[in-house]
Amino acid sequence: MTNMGRGKVELKRIENPTRRQVTFSKRRNGLLKKAFELSILCDAEVSLIVFSPTGKFYQFASHEMERTIARYRSEAGLSGPNDSYTRSLEFWRREVEELQKTINETEAQLRHCIGEDIEMLGMKELKQLERQLKTGVERVRSKKLRIAAEHVNWLKGKQRSIQEENACLKKRLHELHVGNISSRIWEPNARKAIQLRTIDDGSHH
């Protein structure tokens with residue numbers, strides 16, 4: 001039983017569908033109004049969710065509904081299926097922020113290395129930048145010298161290979177030249193020997 005000002009009303013389910021719907025609409029509007037007034041008058045964080053008998057959804061939130069629900073679950077010590085998903089999103093959000101911070105710092109350092117945006121740097125930062133540049137120049141010079149030495153060694157190896165090929169070609173040409181001379185000497189002698197033999201054979205007959 002409850003006292004509504006004009007008399008006592010028994011709290012039980014209203015059987016008449018029309019009266020039940022009318023009562024729901026009135027009480028719902030009153031409840032939403034009270035929730036709004038509470039949030040304004042007392043600066044309270046209020047969230048209200050109502051589902052009608054027919055399944056319609058009504059809500060009021062003084063702040064973001066998701067934030068209030070997350071706060072409620074945290075205060076109540078409840079865990080849900082989306083907790084791991086939320087934690088994963090939070091983790092990757094922090095990772096992205098850290099990565100963006102690293103990118104910004106790296107880009108600033110690169111600008112400093114080429115002499116840009118150094119007006120705001122103090123003496124300590126300028127000395128550190130100078131040391132970094134000297135170290136970088138030494139590394140570049142060392143790398144350049146190593147590459148040059150490797151290239152010189154490659155050229156020397158190529159030169160030796162060409163010299164060996166030239167020596168082989170000279171040797172082959174010499175062999176061919178000696179062979180031609182021997183052939184020219186042998187051919188007249190061979191013809192004379194054949195002629196002498198022919199004459200010899202004729203005299204015997």
Side-chain angles (χ1 to χ4, degrees), residues 28-51 55-170:
R28 178 203 66 207
N29 292 337
L31 184 60
L32 292 172
K33 181 180 178 181
K34 290 295 182 182
F36 171 74
E37 292 174 350
L38 180 62
S39 67
I40 297 298
L41 294 174
C42 302
D43 195 23
E45 183 174 348
V46 180
S47 291
L48 177 64
I49 299 175
V50 180
F51 290 96
K56 290 184 179 180
F57 170 67
Y58 304 90
Q59 72 169 1
F60 167 79
S62 60
H63 300 72
E64 292 184 1
M65 179 67 75
E66 292 79 2
R67 193 190 81 169
T68 303
I69 293 176
R71 181 179 178 184
Y72 161 73
R73 299 188 70 88
S74 176
E75 292 292 335
L78 301 176
S79 60
N82 293 329
D83 285 356
S84 60
Y85 176 73
T86 302
R87 287 194 295 271
S88 178
L89 285 179
E90 182 65 19
F91 168 79
W92 286 114
R93 184 186 65 80
R94 290 194 299 268
E95 287 292 309
V96 169
E97 290 178 353
E98 288 296 326
L99 181 60
Q100 186 62 50
K101 181 180 178 181
T102 303
I103 291 174
N104 293 338
E105 292 176 352
T106 303
E107 289 179 344
Q109 291 176 357
L110 289 175
R111 289 194 297 272
H112 295 162
C113 287
I114 60 176
E116 295 182 356
D117 299 340
I118 61 174
E119 293 80 7
M120 301 302 294
L121 297 180
M123 182 62 68
K124 182 179 179 180
E125 289 81 4
L126 289 172
K127 287 183 177 180
Q128 182 179 2
L129 177 61
E130 185 180 17
R131 288 194 298 270
Q132 291 175 348
L133 290 174
K134 286 182 178 179
T135 302
V137 169
E138 291 174 357
R139 290 178 179 175
V140 170
R141 184 180 293 112
S142 175
K143 178 67 174 180
K144 185 178 68 174
L145 291 175
R146 184 166 63 251
I147 292 176
E150 292 174 354
H151 187 63
V152 168
N153 290 333
W154 179 83
L155 289 176
K156 288 180 178 180
K158 190 69 175 177
Q159 184 182 25
R160 285 194 298 270
S161 178
I162 293 173
Q163 288 174 347
E164 291 174 358
E165 290 180 3
N166 287 338
C168 290
L169 289 174
K170 287 181 179 179

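The residues of the chain are indexed from 1 along the displayed sequence. These figures come from a predicted structure and were not determined experimentally.
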**Prompt:** For Asn29, what residues pass the side chain to side chain donor-acceptor pair (under 3.5 Å) criterion, not counting sequence neighbours?
**Reply:** none

**Message:** Please report the interatomic distance CD(Glu130) to CE(Met123), rounded to the nearest 0.5 Å.
**Reply:** 10.0 Å

Distance-only donor-acceptor hits, side chain of residues 106-119, under 3.5 Å, sequence neighbours excluded:
residue	atom	partner	partner atom	Å
Thr106	OG1	Thr102	O	2.8
Arg111	NE	Asp117	OD2	2.7
His112	ND1	Ala108	O	3.3
His112	NE2	Asp117	O	3.1

**Asked** Mind checking whether Leu129 and Gln132 have side chains closer than 4.5 Å, heavy atoms only?
**Response** yes

**For Arg93, all residues meeting side chain to side chain contact (heavy atoms under 4.5 Å, CB included), sequence neighbours excluded** = Glu90, Glu97

**Message:** Please check this pair: side chain of Glu138 against backbone of Thr135, looking for a donor-acceptor N/O pair closer than 3.5 Å.
**Reply:** no

**Item:** Over all atoms of both residues, closest heavy-atom pair of Met65 and Phe60
**Value:** CE-O, 3.7 Å

**4.5 Å side-chain heavy-atom contact, Leu48 and Tyr58** = no

**Prompt:** Passes side chain to side chain contact (heavy atoms under 4.5 Å, CB included), Ile69 versus Arg73? Steps please.
**Reply:** CA-CA 6 Å; Ile69 293 176; Arg73 299 188 70 88; 4.2 Å; yes

**Partner set under salt bridge (Lys or Arg N to Asp or Glu O under 4.0 Å) for Arg131, not counting sequence neighbours** = none

**Message:** Tell me every residue that passes side chain to side chain donor-acceptor pair (under 3.5 Å) with Gln100, counting only those two or more places apart in sequence or in another chain.
**Reply:** Asn104

For residues 30-42, dump all side-chain donor-acceptor pairs below 3.5 Å to protein atoms at least two apart in sequence or in another chain.
residue	atom	partner	partner atom	Å
Ser39	OG	Phe36	O	2.7

